[in-house]
Number of protein chains: 2
Amino acid sequence: MNISPKVPIPTLERLATYLRYLIDLEASSIDTISSTEVEKQTGINAAQFRKDLSYFGEFGKPGVGYNVVELQSRIARILQIDRDQSVIVLGAGNLGSALVGYPGLGEQHFNIVGVFDQSPKKIGQKIFHIEISDIARLKEINASLQARIAIIAVPAHAAQSVAESAADAGVRALLNFAPIILKVAEGVVVRNVSFLQELAVMSYQLALDIRR
Amino acid sequence: MNISPKVPIPTLERLATYLRYLIDLEASSIDTISSTEVEKQTGINAAQFRKDLSYFGEFGKPGVGYNVVELQSRIARILQIDRDQSVIVLGAGNLGSALVGYPGLGEQHFNIVGVFDQSPKKIGQKIFHIEISDIARLKEINASLQARIAIIAVPAHAAQSVAESAADAGVRALLNFAPIILKVAEGVVVRNVSFLQELAVMSYQLALDIRR
DNA sequence: TAGATTGTTAATCGATTAACAATC
DNA sequence: TAGATTGTTAATCGATTAACAATC
């Protein structure tokens, strides 16, 4: 298959997992792996692994396996992690600030080029060498930053309006940390990071455990 | 159906969403809603909503709908969010500290009762009124804290070993922020918060958009 | 009562996994 | 060549959605 039709989201998520795993393998100087080995080490079914890759072409050699470095760079290219991408952070509270300082982002070529907040106390201050800008000037400032990805780290009550400003400022993808369902225009991608939800799920599972 | 067999994870995740939505409704002094109304406002299919609830019993009145306050409190009880739960945070870096200060946790009755780190510089210091303890003393200290939920906010290379210490200290549920697949013993629940993965997915979707 | 909406069964859809011919 | 492992098709599994009798 040459050009990917619709790739399932779970496949894309696993692709990111494979990539991390391959980077570890490379660090351990392993240069070839089989899908069976992937299953043993990640717990992801071998057929699943092969199927996931099949959406994007052929990556392995029958009887041999996959070249670690090659597979790594091809997955990185598929996910666009082989090139720098500009990201802005909306909200300079505890969470927003922590994200600005998170080294993993840069490692994956997500470069934070701007941080915005509404509070006059924060505007003009710096976090990790990036100056906080007035969120009211988002559109104007992003006209030059040209970030297409924004991380929303404002309180729930402000999130919807911030999302709209972002879309208006040319942002096409929102990573939303606020516990709220965002309504966005066609063509804007949203992914939610809902750790409260995750805690709630665990909370239920924990209780189940006790009941039996 | 009286006692729930196996409830799908997506159902549990949506339950947490419904709960947030119902709290908003209550604040707007709305006391009854129909599944159709839920669909309009959250985008979640009405049949899905009814099916999700059906795993736990009967909640509505045919021809009328659901009582907001009652549904809210019943979902809270299902998810165990109606009572306080002790949580410890492992790792007092930027992310860990931000989580300790995150007000949403307390609002959902997740009370942070301890913060742990390995760095001698941090041990003994306070973040938001909680003193940072030595992670080497986790088992000893959690013997009295009795937290069964831990949030892992340490760097990837330390996460596996921290997870093992936590399990050894009696923790039964791990909310993992480190970009790594944790291997845990039977009976320990893990949920991952992988915003790097979410960014990667968005990055792919963004590129797709351009190609067409 | 007539209209609205539930809870649940059945149909549909999509994702995961098993099986295997092709191939190194 | 014989053994190993891929890529892909087919079978299975599970979740979502539509349809509708029961009921307020």
Side-chain angles (χ1 to χ4, degrees), chain A residues 1-18 22 25 30-68 70-72 74-75 78 181 197 201 204-205, chain B residues 1-18 22 25 30-68 70-72 74-75 78 181 197 201 204-205:
Chain A
M1 185 173 293
N2 275 334
I3 290 173
S4 28
K6 48 196 162 2
V7 180
I9 299 278
T11 291
L12 294 171
E13 294 177 348
R14 283 189 296 268
L15 240 39
T17 301
Y18 302 149
L22 290 164
L25 283 185
I30 292 166
D31 50 43
T32 306
I33 38 134
S34 67
S35 58
T36 317
E37 197 54 31
V38 171
E39 173 163 357
K40 261 186 219 138
Q41 296 195 38
T42 66
I44 298 172
N45 179 288
Q48 178 89 266
F49 175 77
R50 300 198 300 276
K51 175 85 180 176
D52 284 341
L53 294 178
S54 77
Y55 289 101
F56 304 97
E58 308 198 345
F59 296 77
K61 262 203 189 52
V64 180
Y66 302 83
N67 179 281
V68 170
E70 192 208 327
L71 185 54
Q72 189 189 305
R74 288 184 64 187
I75 293 179
I78 291 166
I181 297 176
Q197 196 160 290
V201 172
Y204 172 84
Q205 293 174 319
Chain B
M1 186 173 292
N2 274 334
I3 290 174
S4 28
K6 45 193 166 359
V7 179
I9 298 280
T11 290
L12 294 171
E13 294 176 348
R14 283 188 298 268
L15 240 39
T17 301
Y18 302 148
L22 289 165
L25 283 186
I30 292 165
D31 50 42
T32 307
I33 39 135
S34 66
S35 57
T36 317
E37 198 53 31
V38 171
E39 172 162 359
K40 261 185 217 138
Q41 296 195 39
T42 65
I44 298 172
N45 180 287
Q48 178 88 266
F49 175 77
R50 298 197 302 275
K51 176 85 180 176
D52 283 343
L53 293 178
S54 76
Y55 288 101
F56 304 97
E58 308 198 346
F59 296 78
K61 262 203 189 51
V64 180
Y66 301 83
N67 179 281
V68 170
E70 193 209 326
L71 185 54
Q72 189 190 306
R74 288 184 64 187
I75 293 179
I78 291 165
I181 299 176
Q197 196 161 290
V201 171
Y204 172 83
Q205 293 175 318

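Here is the naming used below: chain letters follow the sequence lines, and residue numbers restart at 1 for every chain. Worth knowing before you read on, the calculation uses all heavy atoms, side chains too, and leaves out hydrogens, waters and symmetry mates.
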Using a cutoff of under 3.5 Å, can you pull out all pairs of nitrogen or oxygen atoms linking the protein to nucleotides 10-16 of chain D, with atom names and distances?
residue, atom, partner, partner atom, Å
D:dT16, OP1, B:R14, NH1, 3.1
D:dT16, OP2, B:R14, NH2, 3.0
D:dT16, OP2, B:Q48, OE1, 3.3
D:dT16, O5', B:Q48, NE2, 3.3

(request) Identify, with sequence neighbours excluded, every residue that meets salt bridge (charged side-chain N to carboxylate O under 4.0 Å, His left out) alongside A:R14. (result) A:D52
(message) Using side-chain contact (heavy atoms from CB on, under 4.5 Å), reason through B:L53 and B:R74 one step at a time and then give a plain yes or no.
(response) CA-CA 10 Å; B:L53 293 178; B:R74 288 184 64 187; over 6 Å; no
(message) Run the salt bridge (charged side-chain N to carboxylate O under 4.0 Å, His left out) test against B:K61 and tell me which residues pass, sequence neighbours left out.
(response) none
(message) Whole angstroms only, please: what is the CD-C1' distance between B:E37 and C:dT6?
(response) 16 Å
(request) Can you tell me the distance, in whole Å, between the CD atom of B:E58 and the P atom of C:dT5? (result) 18 Å
(request) State which residues pass ring-ring contact (aromatic ring centres under 6.0 Å, His included) with A:F59; sequence neighbours excluded, sorted by chain then number. (result) none
Polar-atom pairs under 3.5 Å, protein N or O versus N or O of nucleotides 22-24 of chain D: list them with distances, or write none.
residue, atom, partner, partner atom, Å
D:dC24, O4', B:P62, O, 3.4

(request) Could you state the atom-to-atom distance from CD1 of A:I44 to P of C:dA18 in whole Å? (result) 15 Å
(request) Provide, to the nearest angstrom, the distance between the CG atom belonging to A:N67 and the P atom belonging to D:dT5. (result) 15 Å
(message) Tell me the interatomic distance from B:L53, atom CG, to C:dT8, atom P, rounded to whole angstroms.
(response) 11 Å
(request) Ignoring the backbone of A:S54, work out which of D:dT6, D:dT8, C:dT6 is nearest its side chain. (result) D:dT8
(message) Within the structure provided, determine whether A:L71 and A:Y18 are in side-chain contact (heavy-atom separation under 4.5 Å).
(response) no
(message) Nearest whole Å is fine: how far is D:dA4 P from A:Y66 OH?
(response) 17 Å
(request) Look at the side chain of A:T11 and the backbone N and O of A:V7, then say whether any donor-acceptor pair between them is shorter than 3.5 Å. (result) no
(message) Measure CG/A:L71 against C1'/D:dT5 and give the value in whole Å, please.
(response) 15 Å
(message) Once you apply a heavy-atom cut-off of 4.0 Å, does B:S35 come out as touching a base, just sugar-phosphate, or nothing?
(response) sugar-phosphate
(request) May I have the distance from B:E39 (atom CD) to C:dT6 (atom P), rounded to whole angstrom? (result) 11 Å
(request) Indicate the atoms forming the closest heavy-atom contact of A:T17 with B:Q197, along with that distance. (result) OG1-OE1, 3.1 Å
(request) Mind listing the closest non-hydrogen atom pair of A:V68 and A:T32 along with its distance? (result) CG2-N, 3.8 Å
(message) Less than 6.0 angstrom separating the ring centers of B:F49 and B:Y66, yes or no?
(response) yes
(message) Which is more 5' along DNA chain C, the nucleotide nearest A:A47 or the one nearest B:R50? Just name the residue.
(response) B:R50
(message) Can you tell me how far apart CD (A:E37) and CD1 (A:I30) are? Round to the nearest 0.5 Å.
(response) 7.5 Å
(message) Testing B:R50, B:K40, B:Q48 one by one against B:S35 for a side-chain hydrogen bond (donor to acceptor under 3.5 Å, both in side chains), which residue passes?
(response) B:R50
(request) Give the angle between the helix axes at the two ends of the helix from C:dG3-D:dC24 to C:dC24-D:dG3, taking five base pairs at each end and rounding to 10°. (result) 10°
